[in-house]
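So you know, we letter chains A, B, ... as the sequences are listed, proteins then strands, and number each from 1. If you're wondering where the values come from, they're calculated on a predicted model, not measured in any experiment.
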Number of protein chains: 2
Amino acid sequence: MSASVTSRALNLLGAFDPDHRSLTLSDLARRAGMPIATAHRLVGELHRWGALARLDSGEYVIGRRLWDLGLLAPVQAGLRQAASPFLHDLYGATLATVHLAVRDGTEALYIDRLSGHVSVPVVSKIGSRLPMHATGVGKVLLAYGPDQVLAEVLGNLTRVTAYTITQPARLLEQIRRVRADGYATTGEEMSLGACSVAVPVRGPGGEVVAALGIVVPELRRDKARLVAALRVAAQGITRTLTDSASAQWK
Amino acid sequence: MSASVTSRALNLLGAFDPDHRSLTLSDLARRAGMPIATAHRLVGELHRWGALARLDSGEYVIGRRLWDLGLLAPVQAGLRQAASPFLHDLYGATLATVHLAVRDGTEALYIDRLSGHVSVPVVSKIGSRLPMHATGVGKVLLAYGPDQVLAEVLGNLTRVTAYTITQPARLLEQIRRVRADGYATTGEEMSLGACSVAVPVRGPGGEVVAALGIVVPELRRDKARLVAALRVAAQGITRTLTDSASAQWK
DNA sequence: TCCGGGTTTCCGTTGAATGGAAGGCAAGTA
DNA sequence: TACTTGCCTTCCATTCAACGGAAACCCGGA
């Protein structure tokens, strides 16, 4: 019942995560749960192909070849590219950290982030996953995603800060409001001193493909203005996606 | 002498390129040079793991999992992220299409691109490779790259437009000037009606890690202004890279 | 010098990858 | 309706490459 060669090699790649961008051979073997000798051989092949690169220190990192491939992923790459100018506009208009996220299973995956020139303490690296129930973009993705996912998330509300919503009923109530209002907010539910607003981003067919959010230290009476700015940006992204959708596929 | 399982699976992934972002099973098998039955199994595994996704049409595209991994590639992803705000500034200052490229073998790989809101005819998709000798960023990468690469490129100057430089001596002369001046230009050498200016982007250690360029319809007396703007951006990127280099590795 | 951590090589065993062949399926054609 | 064509999928007997324990190796530190 042991896994196939290919999937084992892939699991080696899966050992990388936002907090572990470089790993030693033994780390990789440990994380992928295989003998070092085996990992050594597989890593060798991955390296030879360019999926992994080796630092001077001997540690391995994701190689250029995979980065290239990532660029070829039609959905995310297209989305990122379409969204890029609008993220900038949004930053210009609000001077807040801007996030673009999609749903990945029961978590929110951050696919782009713009914090401008100011070096903000990194809350969310690109490529990282954050819980749905404690972030603005997460709540949006939850509200417009499959019910099954919502159910699953409701069953597992882990506490992050003192303000994190951990009662299913309360979260459900909020999700309903998100659906009604078309935007979500958080208040220090993920990290103290950080509030957020987020809106859905729709694809050409009207389906929600991503969430666009901004993080601000405090959600004063600005809320209406921020929501308006977010909506303009989200609509712009949708328009770009629609335009390119017709031209895209040959 | 047949290749290992892993490398065959990887070759399947390598079948994708900027012009073929979606492929059928048979396409993949053909391009990777293996029997369909074998490709079927391997593709199945890649799909199961999330390296490939399947469209409604039955075609396969690069899956989310690989996109994620791409985000984790320290060099390119870090570079892209560091460069992002400066690309926007540059666009704001020049309203020209902005390119960020790195060297990949003997070609220039475009890792980011910003054409603002205007829907410009796509010259260069992100992830595509363009020849060194006919692009601004290419000439920069050539000028600051290994001599061996330069020699190789000089030996194979394919014509693209009527203005493409195809005489090794002339290109070499230009490369020398790039090294002296610190910037490169092109005039309709890659596509008619498009001129470009590019400068090197240096890493923390002073080594050239990428090239930053802009494309304009015409290179009038603006050149000095454009070069200045490019340099400001390139230096900004370097500074960001330097700042994060210290914090980056834990 | 010896130790402990990693890495690399070796090689006999074995079980998983292989791919030809045949069966499906859907669209286009007579 | 029957025939063709071009896909995708399943099957399974053969075989050959993956496996991983063991031992050597390398290197920095005590």
> Any chance CD of B:E207 has more than 12 other-residue heavy atoms, nucleotides or ligands included, within less than 6.0 Å?
Replying inline: yes
> When you match B:P35 and A:G58 each to their closest nucleotide on DNA chain C, which lands nearer the 5' end?
Replying inline: A:G58
> Out of C:dT18, D:dT10, C:dT7, which nucleotide sits closest to the side chain of B:H40?
Replying inline: D:dT10
> Is the closest basic N to carboxylate O distance between B:R159 and B:E189 below 4.0 Å?
Replying inline: no
> Can you check whether B:S26 has a side-chain N or O nearer than 4.0 Å to OP1 or OP2 of D:dG6?
Replying inline: no
> What do you reckon, is CZ of A:R179 surrounded by more than 12 foreign heavy atoms closer than 6.0 Å?
Replying inline: yes
> Reckon A:R8 has a side-chain N or O less than 4.0 Å from the OP1 or OP2 of D:dA18?
Replying inline: no
> Is B:D68 paired with B:R65 through a side-chain N to carboxylate O contact shorter than 4.0 Å?
Replying inline: no
>> Does C:dG19 have OP1 or OP2 under 4.0 Å away from a side-chain N or O of B:T38?
In response: yes
>> Can you measure A:D56 atom CG to C:dT7 atom P for me and round it to whole angstrom units?
In response: 15 Å
> Within the structure shown, what part of the strands sits under 4.0 Å from A:R54 by heavy-atom distance: base, sugar-phosphate, or nothing?
Replying inline: sugar-phosphate
>> Rounding to an integer number of Å, can you tell me how far A:L23 CG sits from C:dT7 C1'?
In response: 16 Å
>> As an exercise, state the distance from CG of A:L72 to CG of B:L66, rounded to the nearest 0.5 Å.
In response: 10.0 Å
> Rounded to whole angstroms, how far apart are CG on B:L52 and C1' on D:dC8?
Replying inline: 16 Å
> How many Å lie between CG on B:L42 and C1' on D:dA17, as a whole number?
Replying inline: 14 Å
> Nearest to the side chain of B:A37, which nucleotide is it out of C:dG19, C:dT7, C:dT9?
Replying inline: C:dG19
> Rounding to a whole Å, what distance do you find between A:I36:CD1 and C:dC10:C1'?
Replying inline: 16 Å
> On DNA chain C, nearest-nucleotide positions of A:D27 versus A:T6: which is more 5'?
Replying inline: A:D27
> Rounded to whole angstroms, how far apart are CG on B:L25 and P on C:dA26?
Replying inline: 17 Å
> What is the distance from CE of B:M34 to P of D:dC8, rounded to the nearest Å?
Replying inline: 14 Å
> Under 4.0 Å between a side-chain N or O of A:R41 and OP1 or OP2 of C:dC10?
Replying inline: no
> Just how far, in rounded Å, is C1' of C:dT8 from NE2 of A:H47?
Replying inline: 15 Å
